[in-house]
Chemist: 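Below you'll find the structure I mean.
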Amino acid sequence: MALIRRRDQHGSEKKDDPARTDTDDNGDDRKPMHTTTTALTAILRPILWALFAVLSMITLGFLLSLFLSKLRSFLIASMLPVVACFWRAVRLDGRSMEQRLLPLTVVSTTVFALLPSFLGSGFAAVCIVAFSLATVPSSAKPSFFLAAGSSTKHQSSDKGSPLPVLYSTLLLVTILLIENFMVWVVSATFEAGQTAATAPPPLQDNGQVMMRMATEGLTKKDVVGLRRLWNVQGALVACLGTSFVLAEVFRKRNLYALGCRAVLTLAMARTIRTVSFLVTVLPSQNKFCYRQHFPYPLPTDWLEWFWVGLLPSKYGGCNDLIISGHATVTSTLACVASSVSDDVVFCIALWTMVVLDYMVEIYEGFHYSVDMWLGMVLVSLLWRVLQPVEGASQSASHSQQPESFETIDVKSNEWLLWKGTVAAYTAVALVPFLQMTILPSWTVNFLIVLYTLCVVGLYLGFADKLKIPQKLLYTSMRPNTFSTAYFSWLLESIFEHLFSKSPLEPSMESSGQRTDLQ
């Protein structure tokens, strides 16, 4: 291949190979076009495979309907992703336990979805406690967990500082609260959509038309029942916790870096979503939506008007459509799980379940097809763009010098320390369990903010001012480990809040009301 000669600014000749990566005058590498194409292909590959799998399952459902009822045919076809996960979890092919955990999580979540809600929430709480205790520093464990008579010098691990995670979580909570207010603003200022008589007709949604053609002969109750059976949202939240376990216990990834990347991805997606539905208002597909969500007529007192915007919009709004908030959350969880797993079959199965969930969302008229599609693609692109966040966090953690702490004799007051540890982590899991089973829904936002402030206070050392014993604080509520368990709970609480349903959901569905925080 011919070489091209050129001279640099000093007059000396330089030989360039046309095939090599070019470099500009500032020394910045210009990546060749095929690198960008490869990156885009890697981003869209699981989504495209998932779309192909969904089309294949629909085709299989129609073929089975020649011999079975249409409902049973679609039930069998739509459960194939769960069957694939079960096969990857139990197959005897020499795969390690850590490679089986994520597929096993999907299967177990689907099974627990068939049980009463308090059992499923209890199982999730037990898993959080187990994960927390598995990552407790050895200095906080009783002597029967350690060598007899041993004492441990506690040092920080290479996880790095949790501060970036805490800062990004605070950013996400702030963005969610602002978005919650803007959901009210966009509905309150769109006067045409506030009454059924003046509500504009919905836009033509070809995706919804095709979905209703495919499910012709099935009632809305049948389709929604399939969605509840899949329990995609619960499976994704459970996969998030399992991904943290793989990152923390099996050291597959840096836990704080992974969490920071996930939170920033969701925060950026929700910011873009908020700006999008503010600048362009799409008409709701439910002409009675405003009356079902907000007060009418509009409050005339500005304090009352402002207060309405502060109330949690748990069941979504009316015109906060593009981009789907539901899609941003579920796609973020899917990105985390599929990036931790190296199982191609599991990744395709997981994304297939996500697409199935979106199709039912479109079928029910909660969102336009474009809202779900843009949410899925946008999050996948943001996840790829924020990949350097993990590299930067890992480099910082390796460059830090390990901290040295005083030697702690595990025999002295070991049961007091251990009981304090168990109590601290159990309390972290108990509160969301009570929230999901007993406490009213309006307490969710306040609890998330309260727990965020508590963890920040613990990390910044405010507990010293409360005169908490130093050893108990250090061992059972040590910032790194406590915030690890709390961070898992915080994200799961946010996602459970975004996904949670009302006890009156069947009546809401029959009236066309949106039941998710879109």
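Predicted, not measured: the structure shown is a model, and the values here were computed from it.
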Chemist: Give a yes or no answer on whether the side chain of Glu390 reaches the backbone of Gln387 with a donor-acceptor pair at less than 3.5 Å.
Modeler: no
Chemist: Any side-chain heavy atom of Phe366 sitting closer than 4.5 Å to one from His326?
Modeler: no
Chemist: Check whether Tyr363 reaches the backbone of Gln208 with its side chain - one donor and one acceptor, N or O, closer than 3.5 Å.
Modeler: no
Chemist: Could you tell me the separation between the CZ atom of Arg273 and the CD1 atom of Ile322, rounded to the nearest 0.5 Å?
Modeler: 10.5 Å
Chemist: Quick one: closest heavy-atom pair of Ala53 and Thr352, and the distance?
Modeler: CB-OG1, 3.5 Å
Chemist: Would Arg100 and Asp343 satisfy salt bridge (Lys or Arg N to Asp or Glu O under 4.0 Å), going step by step from the backbone distance to the final call?
Modeler: CA-CA 9 Å; Arg100 303 175 187 270; Asp343 190 334; over 6 Å; no
Chemist: Answer yes or no: is there a side-chain heavy-atom contact under 4.5 Å between Leu356 and Val54?
Modeler: yes
Chemist: Supply the atom-to-atom distance His367 NE2 to Tyr358 OH, rounded to the nearest 0.5 angstrom.
Modeler: 10.0 Å
Chemist: If we only count heavy atoms from C-beta on, is the Glu361 to Arg227 side-chain gap below 4.5 Å?
Modeler: yes
Chemist: Atom CD1 of Ile323 and atom OG1 of Thr328: how far apart are they, to the nearest 0.5 Å?
Modeler: 8.5 Å
Chemist: For residues Pro202 and Tyr368, determine if any side-chain heavy atom of one lies less than 4.5 Å from a side-chain heavy atom of the other.
Modeler: yes
Chemist: Taking all heavy atoms of Ala269 and all of Leu382, pick out the closest pair and write down the distance.
Modeler: N-CD1, 3.6 Å
Chemist: Which residue, Leu282, Asp205, Ile362, forms the side-chain contact (heavy atoms from CB on, under 4.5 Å) with Asp371?
Modeler: Leu282
Chemist: Can you check whether Trp184's main-chain N or O pairs, donor with acceptor, with Ser187's side chain at less than 3.5 Å?
Modeler: no
Chemist: Please tell me if the side chains of Leu246 and Leu102 come closer than 4.5 Å, counting only heavy atoms from C-beta onward.
Modeler: yes
Chemist: Could you tell me whether a side-chain N or O of Thr280 sits under 3.5 Å from a main-chain N or O of Ser276, the two making a donor and an acceptor?
Modeler: no
Chemist: Any donor and acceptor pair, going by atom type alone, linking the side chain of Asn231 with main-chain N or O of Thr109 inside 3.5 Å?
Modeler: yes
Chemist: If you take all heavy atoms of Val281 and Leu278, which pair is closest and at what distance?
Modeler: CG2-O, 4.5 Å
Chemist: Where is the tightest heavy-atom contact between Ser78 and Leu75, given as atom of each residue plus distance?
Modeler: OG-O, 3.2 Å
Chemist: Step by step, work out the side-chain contact (heavy atoms from CB on, under 4.5 Å) result for Val224 and Lys220.
Modeler: CA-CA 6 Å; Val224 174; Lys220 189 172 184 178; 4.2 Å; yes
Chemist: Could you check whether atom CZ of Phe86 has more than 12 heavy atoms from other residues, nucleotides or ligands sitting under 6.0 Å from it?
Modeler: no
Chemist: Indicate yes or no: at least one non-hydrogen side-chain atom of Leu176 is less than 4.5 angstrom from one of Asn180.
Modeler: no
Chemist: Determine whether more than 12 heavy atoms belonging to other residues, nucleotides or ligands lie under 6.0 Å from atom CZ of Phe62.
Modeler: yes
Chemist: Kindly indicate whether the side chain of Ser341, heavy atoms from C-beta on, has any atom under 4.5 Å from the side chain of Gln99.
Modeler: no
Chemist: Check step by step if side-chain contact (heavy atoms from CB on, under 4.5 Å) holds for Asn286 and Cys318.
Modeler: CA-CA 8 Å; Asn286 175 18; Cys318 298; over 6 Å; no
Chemist: How close do Trp230 and Met79 get, counting heavy atoms only, and between which atoms?
Modeler: CD1-SD, 3.9 Å
Chemist: For residues Trp351 and Ser331, report the shortest heavy-atom separation together with the two atoms involved.
Modeler: CH2-O, 4.0 Å
Chemist: As an exercise, state the distance from CG of Leu266 to CD1 of Ile175, rounded to the nearest 0.5 Å.
Modeler: 8.5 Å
Chemist: Using the rule given for side-chain contact (heavy atoms from CB on, under 4.5 Å), can you reason through Trp373 versus Leu51, listing the C-alpha separation, both sets of side-chain angles and the distance that settles it, and then say yes or no?
Modeler: CA-CA 11 Å; Trp373 166 251; Leu51 293 174; 4.2 Å; yes
Chemist: How many angstroms lie between atom OG1 of Thr59 and atom CG of Leu63, to the nearest 0.5 angstrom?
Modeler: 7.0 Å
Chemist: Out of the candidates Leu255, Val165, Thr169, Leu163, only one should pair with Cys260 under the side-chain contact (heavy atoms from CB on, under 4.5 Å) rule; please name it.
Modeler: Val165
Chemist: Go through the side-chain N and O atoms of Thr265 and Thr332 and say whether any donor and acceptor fall under 3.5 Å apart.
Modeler: no
Chemist: Are the side chains of Pro283 and Leu203 in touch, meaning some heavy atoms are under 4.5 Å apart?
Modeler: yes
Chemist: With side-chain contact (heavy atoms from CB on, under 4.5 Å) as the test, would you mind laying out the steps for Phe181 and Val185 before giving the verdict?
Modeler: CA-CA 6 Å; Phe181 184 79; Val185 170; 3.5 Å; yes
Chemist: Please answer whether the main-chain N or O of Gly325 pairs with a side-chain N or O of Arg270 as donor and acceptor at a distance below 3.5 Å.
Modeler: yes
Chemist: Rounded to the nearest 0.5 Å, what separation is found between the OG atom of Ser369 and the CG atom of Asn206?
Modeler: 7.5 Å
